[in-house]
Amino acid sequence: MKDAALKPAMAAMQHATRVGVLLPLPLAGPYDYRISARLPRGTLVSAPLGPREALGVVWGEGEGKVSDAKLKEAVPLEGIPKLPASLCDFIDWLANYTLTPQGAVLAMALRSRSAFEPEVPRIAYARGPATPARLSDGRKRVLELMADGLARSVPSIAEDANVSSAVVRGLIDAGALEEVELPEFNPLACPDGNIAPALLSREQEEATNSIREDIAEGHFATSLLDGVTGSGKTETYFEAVAEALKRDKQVLILLPEIALTVQFLDRFAERFGCRPAEWHSDLSQKERKRVYRAVMNGEAKVVVGARSALFLPFPNLGLIIVDEEHEQAYKQEDGVIYHARDMAVVRARIENCPIVLASATPSIETFVNASSGRYRWLRLHSRHGVATMPVVKLIDLRHACAEPGTWLSLPLREAIAATLASGEQAMLFLNRRGYAPLTLCEACGHKMTCRDCSSWLVEHRYHRRLTCHHCGYTEPTPANCPQCGAAHSLIACGPGVERVAEEFASVFPQARMMIASSDTMHGPLETQAAIRAMAKHEIDVVIGTQIVAKGHHFPQLTLVGVIDADLGGSDGDVRARERTFQLLHQVSGRADRAEKPGFVLIQTRNPEDAVMKALASGDRDSFYRQEIEYRERVQAPPFGRLAAVILSGADGELVRDAGRVLAKAAPSARGIKIWGPTPAFYHLLRGQTRERLLVQAERNVDVQAYLRSWFDAVKIPNAVRVTADVDPVSFF
Ligand code: ADP
Ligand code: ZN
């Protein structure tokens, strides 16, 4: 008896193989496990890890570091498709490029753990064989409702038939309703490319056709879809989506921010008959499970998502779209540091499918790739319909303000008055939340700074608090200076949106005004409500941060005022000018969607600056050429490569020491220069001291290999964290 039971187990042992299993944890690499049969890369397994069972993925051959006797057994998950091999390759590639442990990248791809749990069938009821002799009105209503043969839950029957659940239970007991099991999720609606195709202009048609050809041939190709807002980029790539659907391929559309998706989903539904699947951080556990599984089994044809959607297990990806490809929101700055636009190109290459980058103000990197012919450059020159370009004027802030401490110049006030008088709407833009960015003691000069960060506390007058915009630290605005004790000596310096709103209200007390920033609008729903109020003209003037800069269409909005165009700053950041241009161009675009011609007034202290001139003249490309020339001269990206190394830790002295040790240990190599260590721009952040080094390399240098050999050669104390940011886009 005993022997008989042992035999199959022995046989299984003989067929068992050793595999490397990657766990979604920041470990050095895959761990060896024993597995009952040879299973392909990507197979999901349950693997013992210490006292618990962990989710893992068969990654490749085992390494043989652990002896056979110590090898633990991993068990494949039943009824779950494997991760596509292309996704595993992508994870390896990204881990290598960003110098991140593979397991930490895998964790992003396995974020929905519940997706790997068995489905839980739903209990519902349908019409059964029996019909009770005596029927009350309530019972009649239920049976009428259920005559269609559909299965429903008890609460939904009760609600739809307007009876108590006791009535429903009574019918179940009488056999008039019987139990059925439904799958956990209803099937996803399938977008249909034939619902409402647009009649494309010639230029749009040409652009679509070349993307269509890529899809038909099923090969990797990158296109830049370049055209001003309103030129029909979305309309154009929708036709490419339709082509992919026709060929039964999956499509991934990346958007920079979830706040934008609601409008997008509706528009998609108009074109394709239903909403696409969504993927972003606001989904519930259950929605995640549903979408993840639908992607994995190929049911979800089109997914619209934020950057994390890049890690979904598409078995059959045929097209990737990256909308607003220049947006900085595509860069993930914590955890695994990566740029979703760049990595989307990598994923497309691995999947061997086309990718489309869309923007009115492409990133310099993409622009260079397009003009050098590496990417296909699809330009849409004209706008669709009658809308015209707005007139942009610069206002020299050094001369134009009536008195110090005011921010609305006389020309801007006049323009607002005229706009209000003709019953139109205006938008005032200032990329600063709160009342004032700096609070200072007039008596002793003390600046109110964060307890845990090297940043100023921002006054929020409405809440009577000072708040750190980096860590969220907040304190009530003190009555006396905490340094010298002087009373009533704290003064607000510089404007935030609240302060501009205060000035606005004093000049235009009759106007209906709204402040739009992340402090006043919490979450997508409130944002939607505000947008609706604006669209319905319940508001005359909106004063907001970049939250208002993004793609909304207000037909009555004819004036945009930029309160302070110089805010982007130039903190030695090579991308500052590009970013200022992109942001202000986008803000200006809010005035050009109206039926009437729009005006944009840009207040600046540097009207001679190339960025300001380009905005005023509308000559984007000559600004880009100038910027590219400059970058080429100083070997900045994309003509040279950058990597930042950030050391951080609670013990400042230890961090500074580690920075010096690391710098000294840098191997000298051709084509590589190391700058620093220097205190980071925020040298204190959430209580952590931060030092930075910058690696500047020639374009053909293997920066990752260099960083790896450098880090391997140095022993940094455990209390100091070393983070590499390859291709950094911000320098805080
Ligand atoms: P973009 O994405 O470049 O900002 P959109 O695709 O949103 O441009 O187009 C701007 C507006 O013009 C939208 O309302 C869109 O429906 C309309 N539009 C663009 N192209 C066409 C077309 N070929 N036929 C009908 N409407 C179009
Ligand atoms: Zn802080």
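Numbering of ligands and ligand atoms starts at 1, following listing order. Worth saying up front: this structure is predicted, and the values here are computed from it rather than measured. In what follows, every heavy atom counts, from backbone to side chain, and hydrogens, waters and symmetry copies are set aside.
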Practice task
Step by step, work out the side chain to side chain contact (heavy atoms under 4.5 Å, CB included) result for Ile646 and Glu691.
Solution key: CA-CA 6 Å; Ile646 300 130; Glu691 291 273 311; over 6 Å; no
Handout entry: Electrostatic pair Asp323:Lys233 at N-O distance under 4.0 angstrom
Key = no
Practice task
Could you tell me whether the side chain of His280 and the main chain of Asp282 form a donor-acceptor pair under 3.5 Å?
Solution key: yes
Practice task
Please confirm whether Gly227 comes within less than 3.5 Å of ligand 1 when only nitrogen or oxygen atoms on both sides are compared.
Solution key: no
Handout entry: Atoms of the protein (N/O/S only) found under 2.8 Å from the Zn ion (ligand 2)
Key = Cys450 SG, Cys453 SG, Cys468 SG, Cys471 SG
Practice task
Find out whether the Lys NZ or Arg CZ of Arg461 is both under 6.0 angstrom from the six-membered ring centre of Tyr435 and within 45° of the ring's axis.
Solution key: yes
Problem - Option set Glu235, Glu270, Arg267, criterion heavy-atom distance to atom 7 (O) of ligand 1, minimum - result: Arg267
Problem - Distance filter under 4.0 Å to Thr229 heavy atoms, resulting ligand 1 atoms - result: 4 (O)
Handout entry: Under-4.0 Å salt bridge between Glu243 and Lys246
Key = yes
Handout entry: Sub-3.5 Å N/O-N/O distance, Thr234 and ligand 1
Key = yes
Practice task
Could you list which atoms of ligand 1 come closer than 4.0 Å to a heavy atom of Ser231?
Solution key: 3 (O), 8 (O)
Exercise for the section: Give the atoms of ligand 1, by number and element, whose distance to some non-hydrogen atom of Gly230 is under 4.0 Å. Expected result: 1 (P), 3 (O), 4 (O), 8 (O), 10 (C)
Problem - Electrostatic pair Asp651:Arg656 at N-O distance under 4.0 angstrom - result: no
Handout entry: For Leu199, atoms of ligand 1 separated by under 4.0 Å from a heavy atom
Key = 22 (C), 23 (N), 24 (N)
Problem - Stepwise side chain to side chain donor-acceptor pair (under 3.5 Å) test for Ser359 and His326 - result: CA-CA 7 Å; Ser359 177; His326 63 278; 2.7 Å; yes
Problem - ligand 1 N/O within reach of Gly232 N/O, cut-off under 3.5 Å - result: yes
Handout entry: Val228 heavy atom under 4.0 Å from ligand 1
Key = yes
Exercise for the section: Kindly confirm or rule out a cation-pi arrangement of Arg620 over Tyr624, judged by NZ or CZ under 6.0 Å from the six-membered ring centre and within 45° of its axis? Expected result: yes
Problem - Backbone of Lys331 reached by a side-chain donor or acceptor of Arg307 within 3.5 Å - result: yes
Practice task
Ignoring hydrogens and angles, tell me if any N or O in the side chain of Arg686 forms a donor-acceptor pair with the backbone of His470 under 3.5 Å.
Solution key: yes
